[in-house]
Amino acid sequence: MAPLVHVVGARPNFVKAAPVVAALADREQVLVHTGQHYDERMSDVFFRQLGLPEPDVDLGVGSGSHARQTAALLTALEDELLRRRPRLVVVYGDVNSTLAAALVAAKLQVPVAHVEAGLRSFDDTMPEEINRRVTDSLARLHLVTSPEAIGNLAREGVAVEGIHFVGNPMIDTLLANLDRFDVAAARRAVGLGPDGPYGLVTLHRPANVDDPRAIAALVVALKEVAGSLPLVFPVHPRGRAAFEQAGLTSIAGITVVDPLGYIEFVSLMRGAALVVTDSGGVQEETTVLRVPCVTVRPNTERPITITHGTNRLSTIEELPAVARAALAAGPPPDDRVPPLWDGRAGQRIAEVLAAWLDG
Ligand code: UD1
Ligand code: UDP
């Protein structure tokens with residue numbers, strides 16, 4: 001019987017779990033990889049670079065529609081948790097692996113701890129919003145990265161005794177690796193010259209990349225931005241074919257590359273004049289690195305990256321103008337970062353989990 005099982009499956013999960021698993025190194029723990037992400041560049045590279053232990057098991061569920069992927073996750077995770085019989089299951093973020101692990105554990109009467117609980121975009125067109133709400137309704141321990149999450153959970157009737165404001169483990173990983181971010185090497189690796197400003201782009205939300213009209217509009221907007229700022233775009237597998245079809249790869253000033261390893265990607269982020277994204281994690285990382293960020297979404301579950309950070313929202317059509325404004329403004333003058341984004345969240349989470357297990 002393993003007292004503690006962590007369930008991870010997708011790229012952002014690995015970045016968030018690494019400091020928690022490290023802080024619990026003296027405990028018996030099991031790392032379950034669902035296999036939701038499986039490409040070398042979406043999975044293995046993170047285990048290597050972030051010092052995560054090899055997963056104890058990889059369930060290999062792979063890709064599919066929401067129903068098919070979630071069904072495969074539920075079946076595989078039920079077998080796995082029945083075999084392991086843990087006392088606590090730890091889930092991360094808002095992906096389908098998070099939802100499935102919480103549901104299976106709750107039905108087996110195994111308490112669930114949710115890392116990054118309480119974030120809300122209030123936009124049910126995002127699959128992640130549904131995953132967040134359901135996971136939080138099932139979790140026993142809510143580990144909160146940002147203060148507004150406490151109010152969100154309280155409004156949904158979550159018991160306050162289970163809510164712990166611990167800070168942001170994704171930022172632990174960032175701060176722990178600061179010495180390894182080599183902007184010059186990362187520039188060379190993607191073929192950027194040694195000098196001059198550039199922008200970094202990541203886009204993978206279904207609302208942006210699954211709709212051919214949105215993709216076409218994004219390509220037009222990125223081409224305009226690239227007219228005055230060279231762009232590097234590591235393309236997530238979800239949008240790859242659609243972006244290629246829409247002509248992204250033949251635009252002068254846009255370097256399209258495969259997804260990058262964490263160290264290479266954050267190195268490029270650190271040196272960028274501007275980041276254009278729809279990623280949750282990237283909004284947080286740019287906030288701490290003080291790199292101007294434009295998020296191509298109508299809302300964010302991370303409003304603190306706007307109030308305390310470098311983030312601003314944009315429609316696709318307004319992207320060139322919002323990018324110009326962000327570049328002109330540069331980083332905010334003060335060096336405020338959100339509270340408890342201090343590199344010690346993993347330790348705090350470990351303390352909460354250990355206290356729960358011990359008593
Ligand atoms: C998932 C999460 C999203 C998160 C993102 C992080 C859900 C509902 N969505 O989105 O919240 O922001 O991960 O990156 O869980 N694919 C590959 N190789 C891989 C993985 C995926 O080629 O290693 C392709 C497959 O064609 C797959 C598609 O990407 O169908 C989408 O993968 P999936 O895991 O379903 O969702 P993401 O878009 O990656
Ligand atoms: N990331 C990376 N390589 C890339 C793109 C992103 O290492 O090519 C990292 C990024 O720095 C962050 C995490 O992946 O730590 C975010 O994952 P993603 O954007 O896929 O998911 P989200 O945060 O939107 O759920």
Side-chain angles (χ1 to χ4, degrees), residues 8-19 33-46 48-50 58 60-70 72-73 91-101 116 119 121 126-132 134-135 145 168-174 177 181 186 189-190 200-210 232-242 256-270 272 275 277-289 291 293 295-297 300-302 305:
V8 294
R11 178 164 73 180
N13 291 165
F14 312 137
V15 184
K16 293 164 196 174
H33 189 329
T34 65
Q36 178 175 346
H37 285 175
Y38 43 84
D39 287 348
E40 215 287 323
R41 284 164 170 264
M42 297 296 291
S43 175
D44 305 32
V45 66
F46 293 87
R48 267 201 317 280
Q49 293 191 342
L50 304 182
D58 185 333
V61 299
S63 308
S65 68
H66 279 276
R68 285 181 194 286
Q69 185 179 60
T70 308
L73 284 160
V91 300
Y92 297 84
D94 55 16
V95 302
N96 283 350
S97 297
T98 314
L99 166 82
E116 203 185 87
L119 297 187
S121 65
M126 288 183 78
E128 294 81 2
E129 183 71 357
I130 297 167
N131 292 348
R132 290 181 200 113
V134 176
T135 302
T145 55
N168 190 334
M170 188 169 248
I171 300 305
D172 287 17
T173 300
L174 179 80
N177 286 289
F181 300 135
V190 296
L200 178 65
V201 182
T202 75
L203 295 162
H204 70 275
R205 293 278 157 227
N208 284 331
V209 307
D210 286 3
V232 182
F233 187 170
V235 182
H236 187 288
R238 179 172 207 110
R240 179 96 206 189
V256 175
V257 295
D258 286 335
L260 293 172
Y262 178 79
I263 297 298
E264 294 76 19
F265 182 76
V266 184
S267 297
L268 278 181
M269 192 192 297
R270 193 178 197 183
V275 169
T277 194
D278 56 14
S279 157
V282 172
Q283 294 172 61
E284 298 181 341
E285 291 163 338
T286 47
T287 276
V288 170
L289 291 175
V291 176
C293 177
T295 297
V296 188
R297 281 181 44 189
T300 177
E301 63 290 333
R302 293 163 161 89
T305 60

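One-based numbering, in listed order, for ligands and for the atoms of each. Because only heavy atoms are used, hydrogens play no part in the values below, and waters and symmetry mates are left out as well, while side chains stay in. Just so it is clear, the model here is predicted, and its values are computed rather than measured.
For atom 21 (O) of ligand 2, the nearest non-hydrogen atom of the protein is Pro12 CG, 3.4 Å. In terms of protein heavy-atom proximity, atom 17 (C) of ligand 1 is nearest to Tyr38 OH, 3.3 Å. Distance from atom 6 (C) of ligand 1 to its nearest protein heavy atom, with residue and atom name: Pro12 CD, 3.5 Å. In this structure, the protein non-hydrogen atom closest to atom 9 (N) of ligand 1 is Glu128 OE2, 3.7 Å. In terms of protein heavy-atom proximity, atom 23 (O) of ligand 2 is closest to Gly281 N, 2.7 Å. Annotation: atom 25 (C) of ligand 1 to nearest protein heavy atom, Ser63 OG, 3.4 Å. For atom 17 (O) of ligand 2, the nearest protein heavy atom (residue, atom name, distance) is Arg11 NE, 3.7 Å. For atom 24 (O) of ligand 2, the nearest non-hydrogen atom of the protein is Arg205 NH2, 2.6 Å. Looking only at protein heavy atoms, the nearest one to atom 10 (C) of ligand 2 is Glu285 OE1, 3.4 Å. The nearest heavy-atom contact from the protein to atom 13 (C) of ligand 2 is Met170 CE, 3.9 Å. Shortest contact from atom 18 (N) of ligand 1 to any protein heavy atom: Asp39 OD2, 2.9 Å. In terms of protein heavy-atom proximity, atom 8 (O) of ligand 2 is closest to Leu260 N, 2.9 Å. For atom 36 (O) of ligand 1, the nearest protein heavy atom (residue, atom name, distance) is Arg238 NH1, 3.4 Å.
Interface of Pro259 with ligand 2, defined as ligand atoms under 4.0 Å from a residue heavy atom, comprises 8 (O). Every atom of ligand 1 is numbered from 1 in the order shown, and the set under 4.0 Å from a heavy atom of Met42 is 23 (O). Near Arg205, the atoms of ligand 1 lying under 4.0 angstrom from a non-hydrogen atom of the residue are 3 (C), 11 (O), 12 (O). Near His66, meaning under 4.0 Å from one of its heavy atoms, ligand 1 places the atoms 8 (C). Close contacts between ligand 2 and Pro234 involve ligand atoms 8 (O) [criterion: under 4.0 Å to a heavy atom]. Ligand-side atoms of ligand 2 in range of Val266: 11 (O), range being under 4.0 angstrom from any heavy atom.
Proximity of a side-chain donor or acceptor of Asn208 to a complementary backbone N or O of Val296 within less than 3.5 Å is detected. Using a distance-only test at 3.5 Å, with no hydrogens or angles considered, no donor-acceptor pair links the side chain of Thr135 to the main chain of Arg132. Formation of a donor-acceptor pair under 3.5 Å by the Thr286 side chain with backbone atoms of Gln283 is found in this model. With hydrogens and angles ignored, the 3.5 Å screen pairs no side-chain donor or acceptor of Gln36 with any backbone N or O of Ala10. Of the possible polar contacts, one joining the Thr173 side chain to the Val15 backbone as a donor-acceptor pair under 3.5 Å is found. A donor-acceptor distance shorter than 3.5 angstrom exists from the side chain of Asn168 to the backbone of Met170, with no hydrogens or angles considered.
Neither the backbone nor the side chain of Thr277 has a heavy atom within less than 4.0 Å of ligand 2. Under 4.0 angstrom from ligand 2, the non-hydrogen atoms of His204 all belong to its side chain. Here Ser279 has heavy atoms under 4.0 Å from ligand 2 in both its backbone and its side chain.
Below 3.5 Å of separation, one finds an N or O of Asn96 facing an N or O of ligand 1. At a 3.5 angstrom cut-off on N or O pairs, Val15 does not count as close to ligand 2. Taking only nitrogen or oxygen atoms, main chain and side chain alike, Phe46 does not reach within less than 3.5 Å of ligand 2. Among the atoms of Phe265, none of the N or O lies under 3.5 angstrom from an N or O of ligand 2. The N/O atoms of Thr202, backbone and side chain alike, include none that comes under 3.5 Å of an N/O atom in ligand 2.
Counting heavy atoms only, Gln69 comes closest to atom 35 (O) of ligand 1 of the residues His236, Gln69, His204. Selection from Asp44, Val95, Leu73 by nearest heavy atom to atom 2 (C) of ligand 1 gives Val95. Summarising the contacts of atom 24 (C) of ligand 1 with Pro237, Gly239, Pro259, Ala10, the nearest heavy atom is found in Pro237. Taking each of Arg11, Gln36, His37 in turn, the one with a heavy atom nearest to atom 13 (O) of ligand 1 proves to be His37.
The line from OG1 of Thr300 to CD of Glu284 is 8.5 Å long, rounded to the nearest 0.5 Å. A distance of 7.5 Å separates NE2 of His37 from CZ of Arg11, quoted to the nearest 0.5 Å. Atoms OG1 and NZ, on Thr98 and Lys16 in that order, are 7.5 Å from each other to the nearest 0.5 Å. Remark: Arg302 CZ to Thr145 OG1 distance equals 7.0 Å, nearest 0.5 Å.
Residues Glu40 and Val45 have side chains in contact (heavy-atom distance under 4.5 Å, counting atoms from C-beta outward). Counting heavy atoms from C-beta outward, Pro259 and Phe265 have side chains that stay 4.5 Å or more apart. Between Val256 and Arg240 there is a side-chain heavy-atom pair separated by less than 4.5 Å.
Taking each heavy atom of Pro237 and Met42 in turn, the nearest pair found is CD-SD, 3.6 Å.
Put simply, no part of Arg240 is less than 4.0 Å from ligand 1, judged by heavy atoms.
Under the 30°/60° scheme for interplanar angles, the aromatic rings of His33 and Phe14 are found to be tilted.
Looking at Tyr92 and Ser97, their side chains never bring a donor and an acceptor atom within 3.5 Å of each other.
Between Thr277 and the choices Leu200, Thr295, Leu203, the side-chain contact (heavy atoms from CB on, under 4.5 Å) rule is met once, by Thr295.
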*Trace of the side-chain contact (heavy atoms from CB on, under 4.5 Å) decision for Leu289 with Val266*: CA-CA 9 Å; Leu289 291 175; Val266 184; 3.9 Å; yes

